[in-house]
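Some notes on the structure that comes next.
Just so it is clear, the values below take in all heavy atoms, side chains as well, and ignore hydrogens, waters and symmetry mates. These numbers were taken from a predicted model, which means no experiment stands behind them.
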Amino acid sequence: YNVLVSAEASFEGFAVNSCISRIADIGVVSLASGDKIILARTEYDLLTDEQKKLVTNYDLLVAAEVEYNNLVLINEVNDLIANCDLNSIDSIEEVINSYNELSSDNKKRIKDKEKYSNILVTYVIKLIDKIGVVTNKSGDDINKADNAYNNLLKEEKELVTNYEVLVTAKEVYSNMV
């Protein structure tokens, strides 16, 4: 019986040490770390509650999961920016919506900020063009274009080539309603 209890304790200790090693093996988190993180999480989840208390680097696993998820999101937005079809409002809106879902820290980690800025300017220009002939039903389109314009940085606003069209549309619309 004592041999069995001793073997069981050794196995439980091995499982804890294996999990600690698996977490340590993650190293610096990159997009290539996904499999290592999943293995470490799986190994940790298989431990008993008592064994989990003995895992001294669990916080590293949690931090690695958070960083990996951030890297995946950032990479997805970087890909959307790189592949954005500037002729498609849907493509542009997908980029903008995905970017807006990022945390402020992750927004700072976007690679091509200049292209993203160009996407925003193009979006405003397209929204203004979409207004067309102003009618009593143009309010939503005018407001959407105006809000998008107002969210631009000063330097970006200067690149909106059809801003006067928006100003005129707002005036005409306000005289209608």
Next on the checklist: Counting only heavy atoms not in Asp35 (residues, nucleotides, ligands), do more than 12 fall under 6.0 Å from its CG?
Outcome noted: no

Next on the checklist: Quick check against the 3.5 Å criterion: does Gln51 have a side-chain atom that pairs as donor or acceptor with the backbone of Val16?
Outcome noted: no

Next on the checklist: Can you give me the closest heavy-atom contact between Ala169 and Ile142, atom names plus distance?
Outcome noted: O-CD1, 3.6 Å

Item to check | Trace of the side-chain contact (heavy atoms from CB on, under 4.5 Å) decision for Ile26 with Leu60 | outcome: CA-CA 9 Å; Ile26 294 170; Leu60 293 177; over 6 Å; no

Next on the checklist: Working to the nearest 0.5 angstrom, can you tell me the gap between Lys126 NZ and Asp129 CG?
Outcome noted: 7.0 Å

Checklist entry - Measuring from Tyr163:OH to Thr168:OG1, what's the distance to the nearest 0.5 Å? => result 10.0 Å

Next on the checklist: Are Val172 and Val133 linked, directly or through intermediate hydrophobic residues, by side-chain heavy-atom contacts shorter than 4.5 Å (ILVMFWY only)?
Outcome noted: no

Next on the checklist: Do Leu47 and Tyr44 have side chains that approach each other closer than 4.5 Å (heavy atoms only, starting at C-beta)?
Outcome noted: yes

Checklist entry - With no hydrogens and no angle check, is any side-chain donor or acceptor of Ser174 less than 3.5 Å from a backbone partner on Lys170? => result yes

Next on the checklist: Treating Asn69 as the side-chain partner and Glu65 as the backbone partner, does any N or O pair qualify as donor plus acceptor under 3.5 Å?
Outcome noted: yes

Next on the checklist: Ignoring hydrogens, what is the shortest heavy-atom contact between Lys108 and Lys113? Give both atom names and the distance.
Outcome noted: O-NZ, 2.8 Å

Checklist entry - Ile20 and Val62: same hydrophobic cluster, using ILVMFWY side-chain contacts below 4.5 Å? => result yes

Checklist outcome for this item: The single option from Asp45, Leu39, Leu46 that satisfies side-chain contact (heavy atoms from CB on, under 4.5 Å) with Thr42 is Leu46

Checklist outcome for this item: Of all heavy-atom pairs linking Leu71 and Arg109, the shortest is CD2-NH2, 3.2 Å

Item to check | Heavy-atom closest contact (Lys157 atom, Tyr149 atom, distance) | outcome: CE-O, 3.2 Å

Item to check | Pairing residues for Glu156 by the salt bridge (Lys or Arg N to Asp or Glu O under 4.0 Å) criterion, not counting sequence neighbours | outcome: none

Item to check | Exceeds 12 heavy-atom contacts within 6.0 angstrom, atom CG of Asp140 | outcome: no

Item to check | Gap separating the CD atom of Glu101 from the NZ atom of Lys107, nearest 0.5 angstrom | outcome: 10.0 Å

Item to check | Single-linkage hydrophobic cluster Val28~Leu31, side-chain heavy atoms < 4.5 angstrom | outcome: no

Checklist entry - Once you round to the nearest 0.5 Å, how far does CG of Asn97 lie from CG of Leu102? => result 11.5 Å

Checklist entry - Between Lys53 and Thr48, is there a donor-acceptor pair closer than 3.5 Å when you use the side chain of the first and the backbone of the second? => result no

Next on the checklist: If you compare all heavy atoms of Ala40 against all heavy atoms of Cys19, which two are closest, and at what distance to 0.1 Å?
Outcome noted: O-SG, 4.3 Å

Checklist entry - In Å and rounded to the nearest 0.5 Å, what is the CD1 to CG distance from Ile125 to Leu166? => result 12.0 Å

Next on the checklist: List the residues meeting ring pair (Phe, Tyr, Trp, His ring centres under 6.0 Å) with Tyr173, not counting sequence neighbours, and say none if there are none.
Outcome noted: none

Item to check | Presence of salt bridge, Lys144 and Glu93, under 4.0 angstrom | outcome: yes

Residues 72-81, side-chain donor-acceptor partners within the protein, below 3.5 Å, at least two apart:
from	atom 1	to	atom 2	distance (Å)
Asn78	OD1	Lys111	N	3.0
Asn78	ND2	Ile74	O	3.4

Item to check | Atom of Ile89, atom of Tyr123 and distance for their closest heavy-atom approach | outcome: CG2-CE1, 4.1 Å

Checklist entry - What do the steps show when you test Asn151 against Val124 for side-chain contact (heavy atoms from CB on, under 4.5 Å), and what is the final call? => result CA-CA 10 Å; Asn151 286 326; Val124 171; over 6 Å; no

Checklist entry - Can you list the steps and then say if Val165 with Ile131 is a side-chain contact (heavy atoms from CB on, under 4.5 Å)? => result CA-CA 9 Å; Val165 172; Ile131 294 169; 5.7 Å; no

Item to check | ILVMFWY network linking Val167 to Leu127, side-chain heavy atoms under 4.5 angstrom | outcome: yes

Next on the checklist: Quick one, Val29 with Ile37, criterion side-chain contact (heavy atoms from CB on, under 4.5 Å). Give me CA distance, side-chain angles, the key distance, then yes/no.
Outcome noted: CA-CA 9 Å; Val29 178; Ile37 292 169; 4.3 Å; yes

Next on the checklist: To the nearest 0.5 Å, what is the distance between CG on Asp112 and OG on Ser117?
Outcome noted: 10.0 Å

